[in-house]
Amino acid sequence: MPASPSSSAQAARTALAARLRELMLDAGIDGKDLSARCGWHPSKTSRILSGKSAPSESDLRTWCTACGAGGQAGDLIASLRAVELMYLEWRRIHRAGMRQVQQESLALHQETSVCRAYVSNVVPGFLQTTAYATALMRSITDFQGTPDDVADAVAARTERGRLLHDGSHRFVVRR
C-alpha cells in the first residue's frame, strides 16, 4: 500500500535536511558558521535543518558554496523538486476533501490480507478512534483549506479498524 504523500514528502524533506547537515559537518562548520557564510539569520538554517522549512534552489546553491561542495547543488536541487512534487500531489488528492481518499484506502485495505504500517508521528489510520481521527482530519482540513467532509472521511477511516477483527486480515505495525 502506498505511503501517504504528506508523510512521504515530510520524510523526503527530512532526508534532504540530513544531507545538508552532512555537508555542513563535512566542511567542519556549525549552523552559526554556515549562517554567517550564507549571509542569513541562524533561525533560517535551523528551520531548514529541522525540516520545518524547505530551502529554495538558491538557498541550496548558497549552502553548497558555503560548504565547499558546489558540485552537489544539482543533485540537492533535484531532491528538492521531488519533495515539492510530493506536496503538490498531496494537495491535489485532497483538494475536493478527504472522504474520497479515505474510501480508496478502505478499498485497498479490504483487498489485502497483510498490511504493514510504519508511522512515526501519528497512530495508524486503522487503529484510530473516531475522536482521534476527527481531530487529526479537522486540523488537516483547516490547514489545507479544503472542503469540510471530515465526518464522511472519518467514517471511512474508522471502518478500516473493523478489519482488525474480521479474521481475514493481518496487520503489522512498527513505531
Side-chain angles (χ1 to χ4, degrees), residues 1-27 29-31 34-35 37-38 40-98 100-106 108-109 112 114-128 132-133 135-146 153 157 160 171-175:
M1 180 168 301
S4 160
S6 65
S7 60
S8 297
Q10 185 57 44
R13 181 184 280 176
T14 302
L16 177 61
R19 290 175 65 191
L20 293 172
R21 181 178 303 281
E22 289 295 320
L23 287 179
M24 193 175 69
L25 294 174
D26 289 347
I29 59 176
D30 62 15
L34 179 91
S35 299
R37 289 182 184 190
C38 293
W40 59 51
H41 196 277
S43 64
K44 178 176 181 174
T45 300
S46 177
R47 285 191 309 273
I48 292 171
L49 287 172
S50 68
K52 291 180 183 174
S53 294
S56 68
E57 291 183 17
S58 176
D59 292 339
L60 291 176
R61 286 185 196 93
T62 302
W63 191 295
C64 288
T65 299
C67 293
Q72 295 191 40
D75 184 46
L76 291 168
I77 289 169
S79 295
L80 174 67
R81 290 176 182 170
V83 170
E84 290 170 348
L85 286 174
M86 288 180 201
Y87 274 112
L88 288 174
E89 175 64 7
W90 187 56
R91 300 246 343 152
R92 185 194 64 77
I93 65 174
H94 286 107
R95 75 173 164 243
M98 300 179 78
Q100 182 178 351
V101 174
Q102 294 304 311
Q103 288 175 332
E104 290 170 3
S105 184
L106 172 60
L108 287 171
H109 275 84
T112 189
V114 178
C115 176
R116 290 179 177 85
Y118 170 78
V119 185
S120 64
N121 58 344
V122 295
V123 174
F126 52 83
L127 295 176
Q128 292 178 4
Y132 183 94
L136 180 62
M137 290 189 194
R138 171 78 47 226
S139 68
I140 293 169
T141 297
D142 290 347
F143 175 76
Q144 291 182 355
T146 54
R157 179 170 279 187
R160 285 189 278 161
F171 293 84
V172 180
V173 180
R174 294 196 54 152
R175 259 189 89 78

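Residues Phe126 and His109 approach most closely at CD2-NE2, 3.8 Å, considering heavy atoms. Annotation for Met24 and Leu34: closest pair SD-CB, 4.1 Å, computed over non-hydrogen atoms. Across Ser79 and Arg19, no two heavy atoms sit closer than the pair OG-NH1, 2.8 Å. The two residues Cys67 and Ile29 make their nearest non-hydrogen contact at SG-CD1, 4.1 Å. Looking at every heavy atom in both residues, Arg13 comes nearest to Gly51 through CD-O, 2.8 Å. Counting all heavy atoms, side chain and backbone alike, Trp63 lies closest to Leu20 at NE1-O, 3.2 Å.
In summary, the side chains of Ser56 and Asp59 do present a donor paired with an acceptor at a separation below 3.5 Å, with no hydrogens or angles considered. Side-chain contact annotation: Gln102 with Arg160, donor-acceptor N/O pair under 3.5 Å present. Under 3.5 Å, the side chains of Thr65 and Arg61 contain no donor-acceptor pair of N or O atoms.
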*Could you walk me through whether Leu108 and Thr112 pass the side-chain contact (heavy atoms from CB on, under 4.5 Å) check?*
CA-CA 6 Å; Leu108 287 171; Thr112 189; over 6 Å; no

_Step-by-step side-chain contact (heavy atoms from CB on, under 4.5 Å) determination, Cys64 to Leu76_ = CA-CA 9 Å; Cys64 288; Leu76 291 168; 3.4 Å; yes

*Run the numbers on Phe171 and Leu127 for side-chain contact (heavy atoms from CB on, under 4.5 Å), then give the verdict.*
CA-CA 10 Å; Phe171 293 84; Leu127 295 176; over 6 Å; no

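Applying the salt bridge (charged side-chain N to carboxylate O under 4.0 Å, His left out) rule to Glu104 yields no partners; only residues at least two apart in sequence or on another chain are considered. Under the side-chain contact (heavy atoms from CB on, under 4.5 Å) criterion, Asp30 pairs with Lys32, Asp33, not counting sequence neighbours.
In this structure, the separation between CG on Leu49 and OG1 on Thr14 is 11.5 Å, given to the nearest 0.5 Å. Distance check, rounded to the nearest 0.5 Å: CZ of Arg47 to NE2 of His41 gives 9.0 Å. Note that CZ of Arg21 is 11.5 Å distant from CD1 of Ile48, once rounded to the nearest 0.5 Å. Atom CE of Met98 is separated from atom OG1 of Thr146 by 7.0 Å, given to the nearest 0.5 angstrom. Distance check, rounded to the nearest 0.5 Å: CE of Met137 to CD1 of Ile140 gives 7.0 Å.
Looking only at side-chain heavy atoms (C-beta outward), Arg116 and Arg174 stay at 4.5 Å or farther from each other. The shortest side-chain heavy-atom distance between Pro55 and Thr62 does not fall under the 4.5 Å cut-off.
Remark: side-chain polar atoms of Ser35 are paired, donor with acceptor, to backbone N or O of Gly31 under 3.5 angstrom.
Atom CD of Gln100 has 12 or fewer heavy atoms from other residues, nucleotides or ligands within 6.0 Å.
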